[in-house]
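As structure tokens, the structure follows; a few thoughts come after it.
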Amino acid sequence: DSGFLKPALCKFSEPPAETEVLALSAQRPWPLSAAHVDLLSRWGGSSLDEIRIASLDAVRAGSDDRSVQFASDYSGVVFRYDKGGAVLQEDTDGGAMRIVAASMTAFFDDVLLGDQCLALYGEAWLSALREHGLVT
């Protein structure tokens, strides 16, 4: 509602039923996090301007099965979470990963749309968040 996300750059998809998400989770070596189940159940594979949520059929485990991809951003950076729920940014050039948030909630609230966005998105992004009243 803030006007921050540009409607022309948002594409909303019908989310899968929670039973479908839970069925996929049950087939995995370790279950999807509750936050990921909630994200998929609410947003499915929607593109929300800056962030693209991986659809149910695009949910992938890391090569070492220690993380699960849940989103990517406009530049192709991939976001994953580990078994403890920490959100990792995957370097698309070399595959190195670094922790960017303690949880998926912290990623969305504090990093993507909060005052901890500088390391990923820079000063212009933070200024835009301030202009739209999302950060004080």
Side-chain angles (χ1 to χ4, degrees):
D1 293 339
S2 71
F4 180 68
L5 299 177
K6 296 169 187 67
L9 298 177
C10 293
K11 180 183 173 197
F12 300 98
S13 63
E14 185 70 29
E18 189 173 339
T19 55
E20 290 179 79
V21 178
L22 294 174
L24 172 72
S25 181
Q27 296 171 3
R28 304 192 45 76
W30 50 280
L32 301 177
S33 72
H36 195 185
V37 170
D38 183 58
L39 180 70
L40 286 167
S41 297
R42 288 176 187 245
W43 296 101
S46 296
S47 291
L48 306 174
D49 188 347
E50 219 38 54
I51 195 90
R52 286 139 184 91
I53 299 165
S55 63
L56 187 61
D57 60 343
V59 171
R60 302 278 184 268
S63 59
D64 60 0
D65 208 27
R66 291 184 168 178
S67 64
V68 175
Q69 178 179 341
F70 71 92
S72 61
D73 72 9
Y74 70 96
S75 65
V77 171
V78 173
F79 296 101
R80 301 178 169 278
Y81 65 90
D82 64 15
K83 289 182 181 182
V87 173
L88 309 147
Q89 173 192 10
E90 182 178 3
D91 180 331
T92 54
D93 288 335
M97 288 194 260
R98 69 179 182 101
I99 296 175
V100 295
S103 67
M104 201 177 290
T105 300
F107 170 75
F108 283 105
D109 293 349
D110 302 334
V111 177
L112 181 67
L113 298 173
D115 60 4
Q116 296 176 25
C117 67
L118 286 173
L120 287 178
Y121 297 110
E123 189 63 45
W125 184 258
L126 180 58
S127 293
L129 290 170
R130 286 185 176 133
E131 287 173 23
H132 288 86
L134 295 171
V135 172
T136 54

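Every heavy atom of this structure was used, including side-chain atoms; hydrogens, water molecules and symmetry mates were not.
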Q.
Please check this pair: side chain of Ser25 against backbone of Pro31, looking for a donor-acceptor N/O pair closer than 3.5 Å.
A. no
Q: May I ask you to decide if Gly85's main-chain N or O and Ser33's side chain share a donor-acceptor pair within less than 3.5 Å?
A: no
Which atom of [X] lies closest to which atom of [Y], heavy atoms considered:
X      : Y      : result
Gly114 : Leu129 : O-CD1, 3.6 Å
Glu90  : Arg80  : OE1-NE, 2.8 Å
Ser67  : Leu88  : CB-CD1, 4.1 Å
Ser46  : Phe12  : OG-CA, 3.5 Å
Pro16  : Leu40  : CD-O, 3.3 Å
Pro15  : Ser41  : CB-O, 3.2 Å

With the side chain counted from C-beta on, respond yes when [X] and [Y] share a heavy-atom pair under 4.5 Å apart, and no when they do not.
X      : Y     : result
Asp49  : Lys6  : yes
Phe79  : Gln69 : no
Phe108 : Leu39 : yes
Val59  : His36 : yes

Hydrophobic cluster membership, with links at side-chain heavy-atom distances under 4.5 Å among I/L/V/M/F/W/Y: are [X] and [Y] in one?
X      : Y      : result
Phe70  : Val21  : yes
Leu9   : Leu5   : no
Leu113 : Val87  : yes
Leu120 : Leu134 : yes
Ile53  : Val68  : yes

Quick one: pull up [atom1] in [X] and [atom2] in [Y] and give me the separation to the nearest 0.5 Å.
X      : Y      : atom1 : atom2 : answer
Asp57  : Glu20  : CG    : CD    : 10.5 Å
Asp110 : Ser103 : CG    : OG    : 7.5 Å
Glu50  : Ser72  : CD    : OG    : 11.0 Å
Ser47  : Tyr74  : OG    : OH    : 15.0 Å
Ile99  : Tyr81  : CD1   : OH    : 15.0 Å

Q: Count the heavy atoms belonging to other residues, nucleotides or ligands that lie under 6.0 Å from CG of Leu118, then report whether that count exceeds 12.
A: yes
Q.
Checking Arg42 now: which residues fulfil side-chain contact (heavy atoms from CB on, under 4.5 Å) with it, not counting sequence neighbours?
A. Asp38
Q.
If the condition is side-chain contact (heavy atoms from CB on, under 4.5 Å), which residues does Gln27 pass it with, not counting sequence neighbours?
A. Leu24
Q: Apply side chain to side chain contact (heavy atoms under 4.5 Å, CB included) to Trp43 and Ile51, showing your working.
A: CA-CA 12 Å; Trp43 296 101; Ile51 195 90; over 6 Å; no
Q: Using side-chain contact (heavy atoms from CB on, under 4.5 Å) as the criterion, point out the one residue from Asp73, Val78, Val77 that pairs with Gln89.
A: Val77
Q) What class does the angle between the rings of Phe4 and His132 fall in, given that below 30° is parallel, 30 to 60° is tilted and above 60° is perpendicular? A) perpendicular
